[in-house]
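No hydrogens, no waters, no symmetry mates; every other heavy atom, side chains included, goes into these values.
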Amino acid sequence: VAVLSCFLGVKTTSVFKSGERNIPVYSVKRDDNLASISFNCAWNDSDIDSILKTLDLYNVKATFFIVGDWAEKYPDALQKISDSGHEIGGHSYNHKDYAKLSDKEIIKDINQCDLAISSVINQTPKLYRVPSGSYNNSAISTIEDNEKIAIQWSCDSIDYNDATAQSIYDRSIKLENGGILLMHNGTKNTAVALPR
């Protein structure tokens with residue numbers, strides 16, 4: 001499966017319905033062998049240079065979902081990601097569980113995240129990923145009402161904690177056409193597994 005950023009320039013409604021449930025984008029239908037790779041940036045910036053070097057080496061553009069307080073702590077890393085032509089999405093201000101927040105609290109959090117990101121790269125994200133994949137109907141509707149596209153993932157690399165490069169690779173190769181791979185920066189082995 002080749003990798004691309006599926007969302008650059010996409011104009012779509014993020015909320016799909018499954019019965020009474022609002023569903024964000026988990027994958028997109030494609031007739032080719034392309035998929036999307038995404039990184040959640042929430043912990044540190046220790047491996048950003050390595051990740052960007054690998055993506056550049058293979059001419060791959062990814063989507064980086066940025067936590068607002070991460071943008072404030074690591075503005076140089078965020079600027080490097082943006083300058084390298086990767087897509088920037090929001091990922092909350094400080095990783096609170098959106099399924100437990102009121103609409104008003106979610107709006108405040110989205111605005112804080114947007115401000116933290118835009119103050120560094122002068123760009124407001126259009127894509128948004130809820131923390132820990134935790135959402136309810138209200139959270140997804142609130143994200144869409146704030147003119148964002150809610151994005152999840154179809155394949156989780158589970159690359160955090162003590163995950164080995166091999167286990168990250170083994171899970172990541174299950175990515176299917178049109179799928180979205182979830183990875184994280186600031187982990188022990190994500191940058192090590194990425195070239196493979």
What I want to check is whether the side chains of Ser141 and Ser138 have a donor and an acceptor closer together than 3.5 Å. no
With distance as the sole criterion, is a donor-acceptor pair present between the side chains of Ser82 and Gln79 under 3.5 Å? no
Give a yes-or-no answer on whether the side chains of Asp159 and Thr187 include a donor-acceptor pair shorter than 3.5 Å. no
State plainly whether the residues Asp114 and Lys148 are in salt-bridge range, i.e. N to O under 4.0 Å. yes
Please report the shortest heavy-atom distance between Asn146 and Thr142, naming the atom on each side. ND2-O, 2.8 Å
Any side-chain heavy atom of Val120 sitting closer than 4.5 Å to one from Ile117? no
Verify side-chain contact (heavy atoms from CB on, under 4.5 Å) between Asn185 and Thr190, making sure each step is shown before the conclusion. CA-CA 7 Å; Asn185 84 296; Thr190 299; over 6 Å; no
Pairs meeting criterion ring pair (Phe, Tyr, Trp, His ring centres under 6.0 Å) with involvement of residues 24-46, two or more places apart: Phe39-Phe64, Trp43-His184
Counting C-beta onward and ignoring hydrogens, is there a side-chain heavy-atom pair between Val25 and Ile149 closer than 4.5 Å? yes
Derivation of the side-chain contact (heavy atoms from CB on, under 4.5 Å) call for Asp32 and Asn177: CA-CA 7 Å; Asp32 52 27; Asn177 297 356; 5.6 Å; no
Side chain to side chain donor-acceptor pair (under 3.5 Å) with Glu147: which residues, sequence neighbours excluded? none
What donor-acceptor contacts under 3.5 angstrom involve side-chain atoms of residues 49-58, with partners at least two apart or in another chain?
residue	atom	partner	partner atom	Å
Asp49	OD1	Lys80	NZ	2.8
Asp49	OD2	Lys80	NZ	3.3
Thr54	OG1	Ser50	O	3.2

So side chain to side chain donor-acceptor pair (under 3.5 Å) across residues 64-75, not counting sequence neighbours, yields Glu72-Tyr93
Using the side-chain contact (heavy atoms from CB on, under 4.5 Å) rule, take Ile48 and Ile81 through it: C-alpha gap first, then chi angles, then the decisive distance, then the call. CA-CA 8 Å; Ile48 288 294; Ile81 295 167; 3.9 Å; yes
Sorted by chain and number, sequence neighbours left out, side chain to side chain donor-acceptor pair (under 3.5 Å) with Asp31 holds for none
Crowded around Asp83 CG? As in, over 12 foreign heavy atoms under 6.0 Å? yes
Pair Arg196, Gln166: side-chain N/O donor-acceptor within cut-off below 3.5 Å: yes
Sequence neighbours excluded, the answer for side chain to side chain donor-acceptor pair (under 3.5 Å) partners of Ser92 is none
Donor-acceptor pair, distance only, cut-off 3.5 Å: does the side chain of Ser157 make one with the backbone of Ser172? no
Under the side chain to side chain donor-acceptor pair (under 3.5 Å) criterion, do Thr164 and Asn189 qualify, and how do the steps go? CA-CA 6 Å; Thr164 65; Asn189 285 308; over 6 Å; no
Under the side-chain contact (heavy atoms from CB on, under 4.5 Å) criterion, do Arg129 and Leu182 qualify, and how do the steps go? CA-CA 11 Å; Arg129 177 172 281 163; Leu182 170 63; 3.4 Å; yes
